[in-house]
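Only one structure is covered here, and it is reproduced in the block below.
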Amino acid sequence: MVHLGPKRPQHRKGTFTDVPEEWMEELHKVEDLLTVSADKLKGITKHFVSELEKGLSVAGGNIPMIPAWVMETPTGKETGDYLAIDLGGTNLRVVLVKLGGDCTFDTTQSKFALPGYMRTGTSDQLFDFIAECLKKFVDEFFPEGCSEPLPLGFTFSYPASQSKINSGVLQRWTKGFDIDNVEGHDVVPMLQASIEKFKVPINVVALINDTTGTLVASMYTEPEAKMGLIFGTGCNGAYYDVVKDIPKLQGKMPSDIPADSLMAINCEYGAFDNEHLVLPRTKYDLQIDEESPRPGQQAFEKMISGYYLGEVLRLILLDLTEDKGLFFKDQDLTKLKQPFIMDTSFPARIEEDPFENLSEVQELFESVLGLQITLPERKVVRRLAELIGERSARLSVCGIAAICQKRGYTTGFAAADGSVYNKYPSFKERAAKGLRDILDWTEKDDPIKIIPAEDGSGVGAAIIAALTEKRISKGLSVGMSDA
Ligand code: GLC
C-alpha cells in the first residue's frame with residue numbers, strides 16, 4: 001500500500017515564485033511535520049476519550065480530571081456582590097461583580113501588572129503582592145470600609161487538587177511559572193494569611209479554575225453551554241459529569257450529595273498524552289519540553305497553547321538559519337537565540353500583515369530581533385506562522401470532541417476564552433473546521449459551536465462564590481466527607 005502522508009494544505013496563491021527551490025524543500029518538510037490530517041485528529045480524539053475516563057478512575061491517569069466541588073448549574077437568579085481575582089501570566093486582575101439576579105451582572109475591575117521576577121520568585125512575594133493589590137482595590141471601591149468580610153472567588157489557573165471548594169493543593173506549576181514552596185501545598189490558606197497580614201476584610205470562599213469559571217459564567221447567560229475552554233497562555237477545559245460516573249470519588253462523597261448530582265470537572269487536559277502515544281510531536285516540541293521548567297509535563301499544552309507558539313517559530317527559524325544555513329546570512333543572531341523572545345503575538349502579527357510585500361513582518365523582525373528579512377524569507381516565515389497556528393487550532397479541538405463523545409453531547413455550545421482564541425488570526429475558523437473534520441458533520445449549521453465565553457475568571461468566580469455561600473447557608477457539603 002502506498003502511504004501518501006498528510007495532505008498538504010494550499011498556500012496563499014501565487015506567492016512563492018521567488019522563493020529558492022532549496023528553501024521550498026525545507027518548507028515542505030516543516031509542512032509535513034506540522035500538518036495534522038483529519039484521520040490523525042480522529043485517532044487523537046479516540047485516545048483522548050479513554051484518557052478522560054482514566055483520569056476519573058481510582059488509579060488515575062495523565063489527565064488530572066479534578067472534581068471542582070461546583071455541584072449546581074447557575075440559574076441566573078444568583079444575586080450579591082462578590083470579589084474575584086485572577087492570577088494570569090502577566091497580570092493580576094481584581095474584579096468586583098454585582099450579580100443582578102436576572103441573568104445580568106455589572107463588573108468593576110482593576111489590573112495590576114505582575115512584576116517579571118514574580119513568575120520565579122518566592123511564595124511570600126506572590127501572595128503578599130496579591131493581598132496588596134486587593135487592599136488597593138478595596139480601599140478605592142469601599143472607602144467607608146465593609147461591615148462584613150467580602151466574599152472572594154480565587155481564580156487559580158493551575159492544576160490544584162480540591163478536597164473541598166475552598167482549598168487547592170497545587171500539583172505542579174504550568175505555563176512557565178516556577179515559584180518554590182507552593183507545589184504540594186494548599187494555596188488558599190497561603191492567600192488568606194497574606195490577606196490577614198495586610199488587614200483586608202476579605203474571606204476566600206472558593207478556589208476556581210479559569211475553565212470552571214468560564215463554564216459557569218457562560219451557563220449563566222447560555223444554558224446550552226456544555227463546556228468552558230481556555231485557549232490562551234495555557235489550554236484546558238471543564239465540563240459537568242455525573243457523580244456516580246466518577247469512580248475516584250466513590251466512598252468519599254458526603255451523604256447529602258446524591259449519586260446523580262452533577263459535578264464540575266476541571267480536566268487539566270494540557271497534560272493529555274504525557275506518555276507520548278498519539279500526539280505528532282516534532283523535534284521542536286521535544287526541545288521546548290526538555291528546556292522547560294517541568295519536562296515531561298503538559299505535552300498537549302506545549303504543542304498548542306499561547307505560551308509556546310512563538311517559541312515553536314523561533315526554533316524552526318533557528319533550524320533554518322543555524323543548522324541549514326538558509327536564512328539571515330551574516331547577521332547577528334544573538335536575539336533570535338534568546339528563548340521565548342517571541343511571544344504568541346509574534347506569529348499572530350506575521351499572519352496579520354495585510355501588505356503584499358509583508359512590510360510589517362520586516363518591521364517586526366527588525367524591532368524584536370534586530371534582523372533584516374528579505375521578501376522571500378518573509379513569505380516562508382508567513383507560511384510557517386500559518387502552519388503553527390493551524391496545528392494549534394486543529395489539535396486544540398480534540399479536547400472538545402472528546403468531551404462531547406464522553407458525555408454523548410450532539411448539540412450545544414463550547415464556550416471559549418483566552419488570548420489565542422480571541423486574538424490569534426483565523427483560530428476560530430480553523431478550530432471550527434477541525435471539529436467538523438473529527439465529528440464528520442454534514443449539517444449546514446455546526447451542531448456543536450464554539451462560542452465566545454462570558455468572563456469566567458470574574459463573573460464565573462463570583463457565581464461560584466454565590467453558589468457556594470448558598471450551599472453553606474443551607475448546611476450542604478462543599479467537599480469530601482473527610483475534608
Ligand atoms: C494551564 C493550567 C490550567 C489552566 C490553563 C488555562 O493548563 O494548568 O489550570 O486552566 O492553563 O489557563
Side-chain angles (χ1 to χ4, degrees), residues 1-13 15-16 24-52 62-63 229 231 235 237 269-270 272-286 288-289 299-305 308-309 312-313 315-316 319 347 351 380 382-406 414 416 420-421 424-443 446-450:
M1 197 168 92
V2 185
H3 177 63
L4 294 173
K7 197 169 144 221
R8 203 165 277 145
Q10 295 297 304
H11 305 140
R12 281 162 205 251
K13 63 176 166 31
T15 47
F16 287 90
M24 288 308 289
E25 274 169 30
E26 288 305 324
L27 180 57
H28 290 326
K29 284 188 203 154
V30 181
E31 279 178 339
D32 288 345
L33 284 179
L34 297 184
T35 303
V36 194
S37 69
D39 279 348
K40 182 69 185 164
L41 289 180
K42 286 179 185 157
I44 293 171
T45 303
K46 190 162 172 241
H47 185 57
F48 216 127
V49 178
S50 64
E51 287 296 292
L52 294 178
N62 285 162
I63 305 185
L229 309 159
F231 302 116
C235 80
Y269 63 47
F272 169 62
D273 205 30
N274 282 350
E275 289 165 312
H276 310 142
L277 298 177
V278 288
L279 288 174
R281 298 204 310 160
T282 64
K283 59 179 176 180
Y284 311 112
D285 302 309
L286 299 187
I288 286 180
D289 183 38
F300 186 54
E301 179 161 278
K302 283 174 178 159
M303 293 176 78
I304 63 177
S305 82
Y308 305 97
L309 297 184
V312 176
L313 177 62
L315 293 181
I316 298 176
D319 195 7
E351 276 212 57
V380 173
R382 153 95 97 176
R383 180 72 193 124
L384 292 174
E386 285 171 8
L387 288 166
I388 291 168
E390 181 143 15
R391 180 180 79 150
S392 162
R394 287 174 73 74
L395 287 176
S396 288
V397 295
C398 293
I400 304 182
I403 292 177
C404 289
Q405 292 183 355
K406 173 172 188 322
V420 173
Y421 177 75
Y424 203 96
S426 305
F427 185 89
K428 292 183 175 129
E429 296 76 19
R430 288 166 177 164
K433 163 85 171 60
L435 207 51
R436 257 173 251 141
D437 279 359
I438 301 173
L439 298 172
D440 282 329
W441 286 321
T442 48
E443 291 90 337
D446 292 345
I448 299 205
K449 271 205 186 66
I450 311 173

Point to revise | Over all atoms of both residues, closest heavy-atom pair of L229 and G237 | key: CD2-CA, 4.0 Å
Practice item. Determine, step by step, whether H28 and E31 satisfy the side chain to side chain donor-acceptor pair (under 3.5 Å) criterion, reporting the C-alpha distance in whole Å, the side-chain angles of both residues, the deciding distance to 0.1 Å, and the verdict. Key: CA-CA 5 Å; H28 290 326; E31 279 178 339; 2.9 Å; yes
Check your understanding: Do I304 and L309 come within less than 4.5 Å of each other through their side chains, counting heavy atoms only?
Key -> no
**Study point:** Minimum heavy-atom distance C404-I448, with the two atoms named
**Key:** SG-CD1, 3.3 Å
Check your understanding: Listed by chain and number, what are the side-chain contact (heavy atoms from CB on, under 4.5 Å) partners of N62, not counting sequence neighbours?
Key -> E51, N274, E275
Review point. Taking C-beta and beyond as the side chain, do L286 and R281 meet within less than 4.5 Å on heavy atoms?
Key: yes
Check your understanding: Considering only heavy atoms from C-beta outward, does the side chain of L435 approach that of D446 to under 4.5 Å?
Key -> no
Check your understanding: If we only count heavy atoms from C-beta on, is the I450 to V397 side-chain gap below 4.5 Å?
Key -> yes
Point to revise | L395 to P280 - nearest heavy-atom pair and separation | key: CD2-CD, 4.5 Å
Review point. Distance-only, no hydrogens or angles: does the K40 side chain make a donor-acceptor pair with backbone N or O of V278 under 3.5 Å?
Key: yes
Check your understanding: Do side-chain atoms of T45 reach the backbone of L41 as a donor and acceptor pair under 3.5 angstrom?
Key -> yes
Point to revise | Any M24 side-chain heavy atom under 4.5 Å of L27 side chain | key: yes
Check your understanding: Would you find a donor on one side and an acceptor on the other, under 3.5 Å apart, between the side chain of R391 and the backbone of T35?
Key -> no
Point to revise | Worked check of side chain to side chain contact (heavy atoms under 4.5 Å, CB included) between S305 and V420 | key: CA-CA 7 Å; S305 82; V420 173; 5.9 Å; no
**Study point:** Flag if over 12 foreign heavy atoms under 6.0 Å of NZ, K46
**Key:** no
Check your understanding: Quick one: CG on L52 to NZ on K406, what's the gap to the nearest 0.5 Å?
Key -> 7.5 Å
Point to revise | Exercise: identify the closest heavy-atom pair between E301 and Y308 | key: O-CD1, 3.5 Å
Study note, to complete from the structure: Looking only at heavy atoms, the pair that brings A385 and P347 closest together is CB-O, 3.7 Å
Point to revise | Atom pair CE/CG of M303 and D289 - distance to nearest 0.5 Å | key: 11.0 Å
Review point. Under 30°, 30 to 60°, or over 60°: which ring-plane class applies to F231 and F427, parallel, tilted or perpendicular?
Key: tilted
Study note, to complete from the structure: d(Q405 CD, S50 OG) to nearest 0.5 Å is 11.0 Å
Practice item. Look up atom CZ in F300 and atom CD1 in I63, then write down how far apart they are to the nearest 0.5 Å. Key: 8.5 Å
Revision key, fill the gap. Rounded to the nearest 0.5 Å, the CD1 atom of I400 sits from the CD1 atom of I438 at a distance of 8.5 Å
Check your understanding: Do Y421 and K428 have side-chain heavy atoms sitting under 4.5 Å apart?
Key -> yes
Point to revise | side-chain contact (heavy atoms from CB on, under 4.5 Å) partner of D319, the single match among E26, K283, K29 | key: K283
Practice item. Identify the heavy atoms of E351 and P425 that sit nearest to each other, and give their distance. Key: CB-CG, 3.7 Å
Exercise for review: Go through the structure and list residues passing side-chain contact (heavy atoms from CB on, under 4.5 Å) with S426, not counting sequence neighbours.
Suggested key: E429, R430
**Study point:** Any side-chain heavy-atom pair of I44 and F272 under 4.5 Å
**Key:** yes
Exercise for review: Please examine the side chains of L387 and I316, heavy atoms only from C-beta on, and report whether any two atoms are closer than 4.5 Å.
Suggested key: no
Review point. How are the rings of Y269 and F48 set relative to one another: parallel (under 30°), tilted (30 to 60°) or perpendicular (over 60°)?
Key: perpendicular
